[in-house]
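To find a chain, count down the sequence lines: A is the first, B the second, and so on, and within it residues start at 1. Everything numeric in this text was worked out from a predicted model, so none of it was measured.
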2 protein chains.
Amino acid sequence: MTTVWKSIADTLVSEIEQGHYPAGSRLPTEAMLAERFGVNRHTVRRAIGHLRTEGLVYSRRGAGVFVLPQPVAYPLGRRVRFERNVLAAGQTPSRRLLMLESRRANDAERSALQLPTSAMVHVMEGLSFADEQPIALFRSAFPAKRFPELPKQLRERLSVTQAMQASGVSDYFRVSTKLTAHLATPVQANLLRLSAGAPLLRSVSVNADQAGQPVEYGRTWFSGERVSLFIEDEG
Amino acid sequence: MTTVWKSIADTLVSEIEQGHYPAGSRLPTEAMLAERFGVNRHTVRRAIGHLRTEGLVYSRRGAGVFVLPQPVAYPLGRRVRFERNVLAAGQTPSRRLLMLESRRANDAERSALQLPTSAMVHVMEGLSFADEQPIALFRSAFPAKRFPELPKQLRERLSVTQAMQASGVSDYFRVSTKLTAHLATPVQANLLRLSAGAPLLRSVSVNADQAGQPVEYGRTWFSGERVSLFIEDEG
DNA sequence: TTATCACAGTTGTCTAGTTGTAGATTTATT
DNA sequence: AATAAATCTACAACTAGACAACTGTGATAA
């Protein structure tokens, strides 16, 4: 015995899957859907509530119900490139810069980047989006001595790859990646538009140039819901 | 020798036939009827269940029990016009718009309307009523290129014939009609106020202008109980 | 240009009422 | 005693309406 709200939920799911309502778009209002399906608004709400728990949509009071993009498959391999990864998943990448500063390296940064004591690093913090949907929070440290112009370049282009090239590093490679699971702090949850305490995947990684010299020490917090990391074959 | 619920059913039938509860009106709630007849609610339910199988009333969970009007005779011929048909049956036609959108035509629509690949169509979905009683669910596709203003016109007038005229098609004719029988999905049943799994008559049709150019590809689901389709003589 | 405000539209929440369903129990009929 | 009819109880599912909380937009004023 199927209930009305379930069949409405099924209809909406199939319409979303057929691209009828593309990712990021707004569903018709609850009132319109109620009219269309010939039911009370509460019944539509129950169907939408189901889609919400399935992670297909999210709703904002006063604004509407919006279609969520499906989780991005994010390959971790020898070459990890944000834009390429998101594009390969069929979504549109973008970034937002939250902070950019230069300061003394802390212990972890010195160790990872093989820097002498009291060396300076440029630190960039930002958000990564796929189709307007925040998928990760990142904080990267670069050796300041080697890349004196990096802050300007990052500010202009926002792409690590391009900024590196402008600083003479034509290519770079992932030399280590450590993954752990964490719960989102309130600040992180807010930035990633998750509920506080949502699960995050934390990646701590080092990239190095062709000579093996470390050029970036990065920490990234991926939304566990929206990203599925996978290890690429090293072909 | 007669049971309690049967006599209650008889009483209700005669009251409906005497116009005590006119078509479309709501019966008193089961609780009130139980009170009135001095019986348990379930006994009233059994009587109402009988009226329902007789096609005299229909009930909507949470809303109440409503009196049904009689079925409509619907002629299918060279000129099929909803309003004319229902008026000819002595009832009052009306329509409700459920959805109106423009999108890429799918295969069936492209083929029926003789459109090139990736052509756009306007799609209208709605309900047809005779005397406030839903008799059919329809979904029509129109070539968007030829009728750029159609959505506005349909929204204003809700009459295909009038919208066509406003777009320069003074008259149109049925060029093909295919009929099949289907069972109502839960959503369809709900919209037509039928029980799920009720039989529907599905008509897939194409209308064309005087030059023979297809102008509408329509699918209509008629309630098998409330409509009897008949083929008109082509005089 | 910027800030503020008003307003309509949308989702969130609550209360109350109605029909649908399931099961157990009592009462009437044969 | 057996069986059918009716009762009783309790929820589940849906409707109906009202109001609160919030968003987005456009108008107005500084």
Side-chain angles (χ1 to χ4, degrees), chain A residues 1-12 21 24-68 132 190 193 195, chain B residues 1-12 21 24-68 96 127 132 134 155 184-198:
Chain A
M1 200 53 195
T2 178
T3 62
V4 174
W5 70 264
K6 276 182 190 162
S7 65
I8 291 176
D10 286 345
T11 303
L12 291 176
Y21 304 113
S25 68
R26 215 189 74 172
L27 290 190
T29 69
E30 294 173 348
M32 286 168 69
L33 289 174
E35 177 92 348
R36 171 177 167 202
F37 292 115
V39 299
N40 189 271
R41 198 186 128 216
H42 291 316
T43 308
V44 167
R45 282 182 61 70
R46 191 152 182 195
I48 289 177
H50 181 65
L51 301 203
R52 200 166 33 217
T53 66
E54 297 284 305
L56 274 167
V57 302
Y58 70 97
S59 42
R60 287 164 50 213
R61 174 187 294 202
V65 179
F66 300 85
V67 179
L68 276 173
E132 318 294 327
N190 201 44
R193 296 201 205 125
S195 47
Chain B
M1 197 47 57
T2 179
T3 62
V4 176
W5 69 265
K6 274 182 190 165
S7 67
I8 292 177
D10 286 345
T11 304
L12 291 175
Y21 304 114
S25 68
R26 213 190 76 169
L27 294 188
T29 69
E30 293 173 349
M32 287 169 71
L33 289 173
E35 175 112 350
R36 170 182 162 196
F37 292 110
V39 299
N40 188 272
R41 192 184 133 218
H42 286 30
T43 310
V44 168
R45 282 183 59 71
R46 195 150 178 195
I48 289 177
H50 182 65
L51 302 202
R52 196 167 35 217
T53 65
E54 296 287 306
L56 273 169
V57 302
Y58 70 96
S59 44
R60 287 167 52 214
R61 174 185 297 201
V65 178
F66 301 84
V67 181
L68 275 172
R96 205 176 92 207
L127 273 173
E132 318 295 325
R155 214 179 279 280
T185 67
V187 169
Q188 290 174 330
N190 206 45
L191 285 167
L192 290 168
R193 308 213 183 296
L194 296 166
S195 48

Inset, instruction - Ignoring the backbone of B/Arg46, work out which of D/dC14, D/dA5, C/dG12 is nearest its side chain. - result: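 Among D/dC14, D/dA5, C/dG12, the one nearest the side chain of B/Arg46 is D/dA5.
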Inset, instruction - Could you work out which one of D/dT7, C/dT19, D/dC14 sits closest to the side chain of B/Arg45? - result: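 That would be C/dT19.
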Inset, instruction - Tell me which of A/Thr43 and B/Val44 sits closer to the 5' end of DNA chain D, going by the nucleotide each one is nearest to. - result: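 In this pair, the answer is B/Val44.
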Quickly work out the [X] [atom1] to [N] [atom2] distance and round it to whole Å.
X        : N      : atom1 : atom2 : value
B/Arg193 : C/dT19 : CZ    : C1'   : 14 Å
B/Ile48  : C/dT21 : CD1   : C1'   : 15 Å
A/Trp5   : C/dG20 : CH2   : C1'   : 17 Å
A/Asn40  : C/dT19 : CG    : P     : 15 Å

List in chain and number order the residues that pass side chain to side chain contact (heavy atoms under 4.5 Å, CB included) with [X], two or more places apart in sequence or in another chain; answer none if no residue qualifies.
X       : result
B/Asn40 : B/His42, B/Thr43
B/Ala63 : B/Arg60, B/Phe66
B/Arg52 : B/Val57, B/Ser59
A/Thr11 : A/Glu15, A/Arg36, A/Phe37, B/Val187

Inset, instruction - Would you jot down, in residue-number order, the residues of residues 26-37 of chain B having a non-hydrogen atom under 4.0 Å from DNA chain C? - result: B/Thr29, B/Glu30
Please report the shortest heavy-atom distance between [X] and [Y], naming the atom on each side.
X        : Y        : value
B/Arg193 : B/Pro134 : CG-CG, 3.9 Å
B/His50  : B/Thr53  : O-OG1, 2.8 Å
B/Ile8   : B/Ala47  : CG2-CB, 3.8 Å

Inset, instruction - Any chance you could list the contact pattern along nucleotides 18-26 of chain D? Use B for base contacts, S for sugar-phosphate-only contacts and - for none, protein heavy atoms under 4.0 Å, 5' to 3'. - result: ---BBBS--
Legend entry - A/Arg26 vs A/Val65 side-chain heavy atoms within contact, under 4.5 Å: no
